[in-house]
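Before any comments, here is the structure.
Reckoned from all heavy atoms, side chains included, excluding hydrogens, waters and symmetry mates.
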Amino acid sequence: MAEPKIKYDRQLRIWGEQGQAALEKASICLLNCGPTGSETLKNLVLGGIGSITVIDGSKVVLGDLGNNFMLDESCLGESKAKSVCAFLQELNDAVKAKFIEEYPEALIKTNPSFFSQFTLVVATQLVEDSMVKLDKICREANVMLIFARSYGLTGLVRTSVKEHTVIESKPDHFLDDLRLNNPWPELRKFAETIDINVQDPVAHKHTPYVVILLKVAEEWAKIHQGSLPSTREEKREFKELLKSKTIAFDEDNYKEAVEASFKVFSSRGISQDLKQIIDDSQAEVSSNSSNYWVMVAALKDFIANEGGGEAPLEGSIPDMTSSTEHYVNLQKIYQAKAEADFLSIEQRVRNILKKLGREPESISKATIKSFCRNSRKLKVCRYRLIEDEFSNPSITELQKYLTDEDYSVAVGFYILLRAADRFAANYNCFPGEFEGPLDEDISRLKTTAVGVLSDLGCNGSTVTEDLINEMCRFGAAELHAVAAFIGGIASQEVIKLITKQFLISRSPSHAME
């Protein structure tokens with residue numbers, strides 16, 4: 001058996017050892033192991049999830065062999081849950097796998113407490129009524145839940161959790177935390193030791209742009225009553241002032257300074273998103289507060305006092321044209337400030353834990369350090385109940401998206417998926433499920449969709465004939481290509497939830513032709 005660090009090397013580079021450890025501790029329950037569920041679990045098993053439990057009461061039939069690559073002819077007539085579970089176990093023998101041969105709908109109805117043992121439940125191919133019931137069960141048990149469904153050439157992934165807190169949101173683009181608009185004393189002192197007007201061409205072109213911007217910003221402030229550039233004209237003038245300091249055409253450090261000058265203009269203090277988090281009612285902590293909110297409370301106190309309105313410094317600097325000596329010294333200054341901020345936050349965390357009657361060391365140094373390093377990028381996601389979404393949608397938004405060229409197809413399929421469930425409840429089959437003319441099913445589905453829209457408060461709104469025809473043509477088929485795509489999205493969301501890294505989808509994700 002390969003060592004975990006070798007076996008999971010590539011993914012460790014993405015979510016780190018802490019993220020991998022969280023995955024290996026997680027327990028996942030899968031409801032229905034058709035192609036959508038099987039593909040979701042396959043990705044998680046290969047990723048090293050701790051344990052899986054597969055719930056499905058059906059037997060393998062000939063049709064399953066055409067859309068589920070985890071079944072073969074030897075599985076015909078056997079328990080589908082048992083067959084899929086055996087295949088998944090072969091993919092990674094480090095994952096604990098078991099199955100229960102029972103229909104999920106029955107389990108939801110007769111044994112709701114069963115789900116409380118899991119970290120997360122992945123519910124696939126459930127109809128609306130079962131989704132609503134399971135959502136309430138998982139909310140009460142504080143178990144994370146993801147719904148995944150593929151239907152012909154469309155599909156849906158929906159996350160449901162009371163609250164999801166993210167420390168490492170890892171945004172694609174985020175401004176470096178250099179504090180050029182609000183330098184601390186040690187950084188100012190370092191900048192003062194460097195003469196940017198030095199005539200030595202080698203020294204001049206190897207002055208780091210951080211120092212150049214600090215010195216020129218100081219020069220600007222002296223002749224502008226202490227203010228930094230704010231208007232478009234002032235920003236243009238500031239860039240011209242930077243350019244005037246060059247003594248040769250090939251000074252890359254000054255080009256970098258001009259390109260990074262916007263970092264001087266950016267507003268001081270914390271972002272509106274972070275302010276919203278530290279002002280959240282959950283930041284008023286109690287003995288039952290999560291570690292995340294304890295650290296937020298410490299952060300709030302730091303920003304209000306020692307931080308002077310700023311979050312703790314991240315401590316890293318980007319690559320830049322510089323002499324090795326200047327770059328290393330600059331790096332040390334940023335790291336020292338970040339370490340000092342971390343120690344201040346850590347002490348606050350320990351004090352808060354002690355006041356709450358909890359073990360002061362119960363939150364590790366590594367967790368607090370990660371929190372400090374990512375404090376500007378913290379996120380909190382909250383989701384309303386599925387029942388609320390179904391019965392009390394935002395009518396204004398729904399009507400807007402139904403008529404929006406970019407969203408009308410996705411929202412149309414969302415409405416039709418709900419209409420298809422209602423159709424199945426009324427006629428004991430999905431539209432187009434059985435062979436024969438589709439005209440009657442098309443007419444019935446159209447009427448049902450109008451009823452769904454009316455119940456949602458969108459009277460007069462319609463779904464296009466093309467989408468209705470397509471939905472009937474799908475015949476509720478679970479196609480492997482679509483199931484693999486939906487399973488890929490669902491497994492990504494599972495990993496985000498468990499590792500508490502990256503941002504999860506804020507609304508149902510759709511796949512379509």
Side-chain angles (χ1 to χ4, degrees), residues 1-2 4-56 68-71 80-100 104 115 117-126 134 138 143-150 155-161 164 166 168 478 480 482-505 509 511:
M1 180 178 168
K5 283 192 176 181
I6 298 173
K7 189 175 186 178
Y8 303 124
D9 175 66
R10 297 188 72 177
Q11 62 201 51
L12 281 167
R13 302 179 199 190
I14 299 172
W15 50 72
E17 291 187 12
Q18 280 186 309
Q20 188 63 34
L23 286 176
E24 291 173 10
K25 291 177 185 175
S27 174
I28 305 295
C29 175
L30 172 69
L31 303 186
N32 289 317
C33 59
T36 306
S38 298
E39 289 291 335
T40 303
L41 271 199
K42 177 200 72 178
N43 298 327
L44 297 173
V45 167
L46 290 171
I49 206 76
S51 66
I52 59 170
T53 300
V54 181
I55 314 292
D56 197 313
N68 194 332
F69 291 175
M70 294 171 212
L71 302 171
K80 191 186 290 185
K82 179 181 178 181
S83 301
V84 169
C85 194
F87 179 90
L88 291 170
Q89 184 72 82
E90 288 179 12
L91 295 178
N92 191 343
D93 56 9
V95 176
K96 297 174 184 176
K98 66 178 182 178
F99 69 93
I100 297 175
F115 299 99
Q117 63 186 291
F118 300 104
T119 307
L120 186 146
V121 174
V122 179
T124 67
Q125 306 304 103
L126 289 186
L134 180 62
C138 289
V143 172
M144 296 179 284
L145 174 62
I146 286 181
F147 294 105
R149 187 175 186 180
S150 56
L156 176 145
V157 176
R158 165 64 151 91
T159 301
S160 184
V161 61
H164 177 59
V166 184
E168 297 183 57
E478 201 175 351
H480 179 264
V482 177
F485 181 71
I486 294 294
I489 295 174
S491 57
Q492 277 189 339
E493 298 303 290
V494 170
I495 290 168
K496 291 174 189 177
L497 285 168
I498 291 172
T499 62
K500 293 185 180 293
Q501 297 181 24
F502 302 97
L503 288 181
I504 51 179
S505 300
S509 300

In Å, rounded to the nearest 0.5 Å, how long is the span from CZ of Arg158 to CG of Leu145? 8.5 Å
Say whether, by atom type as modelled, one donor and one acceptor occur between the side chain of Thr119 and the main chain of Ser27 under 3.5 angstrom. yes
Nearest 0.5 Å, what's the CD-OH distance between Gln20 and Tyr8? 6.0 Å
If I take atom NZ from residue Lys80 and atom CG from residue Asn32, how far apart are they, to the nearest 0.5 angstrom? 7.5 Å
Indicate yes or no: at least one non-hydrogen side-chain atom of Ile55 is less than 4.5 angstrom from one of Cys29. yes
Can you name the closest pair of heavy atoms from Asn68 and Pro35 and give their distance? ND2-N, 3.8 Å
I'd like to know whether Phe87 forms a side chain to side chain contact (heavy atoms under 4.5 Å, CB included) with Leu41, so could you lay out the CA-CA distance, the side-chain angles of the two residues, the decisive distance to 0.1 Å, and finally the verdict. CA-CA 11 Å; Phe87 179 90; Leu41 271 199; over 6 Å; no
Option passing side-chain contact (heavy atoms from CB on, under 4.5 Å) with Ile28 (candidates Ile498, Val45, Ile146): Ile498
When rounded to the nearest 0.5 angstrom, what distance separates CD in Glu24 from CD in Glu17? 10.0 Å
So, the side chain of Ser38 versus the backbone of Cys33: is there a donor-acceptor pair under 3.5 Å, distance only? yes
If only atom types and distance count, is the side chain of Thr124 paired as donor or acceptor with the main-chain N or O of Leu31 below 3.5 Å? yes
How far does CZ of Phe147 sit from CD1 of Ile486, to the nearest 0.5 angstrom? 15.0 Å
Using modelled atom types and a 3.5 Å cut-off, is there a donor and acceptor pairing between side-chain atoms of Gln125 and backbone atoms of Ser150? yes
So, does Asn92 use its side chain to make a donor-acceptor pair with the main chain of Leu88 at under 3.5 Å? no
To check you understand the geometry: which heavy-atom pair defines the closest contact between Ile14 and Gln501, and what is its length? O-OE1, 3.9 Å
Would you say the side chain of Val84 lies within less than 4.5 Å of the side chain of Phe99, judging by non-hydrogen atoms? no
Side chain of Gln89, backbone of Val95: donor and acceptor closer than 3.5 Å? yes
Nearest heavy-atom pair of Gly487 and Thr40: which atoms, and what distance? CA-OG1, 3.2 Å
Quick check: does any side chain N or O of Glu478 sit under 3.5 Å from a backbone N or O of Ala483, one acting as donor and the other as acceptor? no
Leu44 versus Ile495: any side-chain heavy-atom pair under 4.5 Å? yes
Whether Lys98 side chain and Thr53 backbone form a donor-acceptor pair below 3.5 Å: no
Side-chain donor or acceptor of Glu39 paired with backbone N/O of Gly34 under 3.5 Å: no
Measure the spacing between OG1 of Thr36 and CG of Leu30 and express it to the nearest 0.5 Å. 10.0 Å
Is it true that atom NZ of Lys496 has more than 12 heavy atoms of other residues, nucleotides or ligands lying nearer than 6.0 Å? yes
Partner set under side-chain hydrogen bond (donor to acceptor under 3.5 Å, both in side chains) for Ser83, not counting sequence neighbours: none
Val494 and its side-chain contact (heavy atoms from CB on, under 4.5 Å) partner, picked from Leu23, Leu120, Val121: Leu120
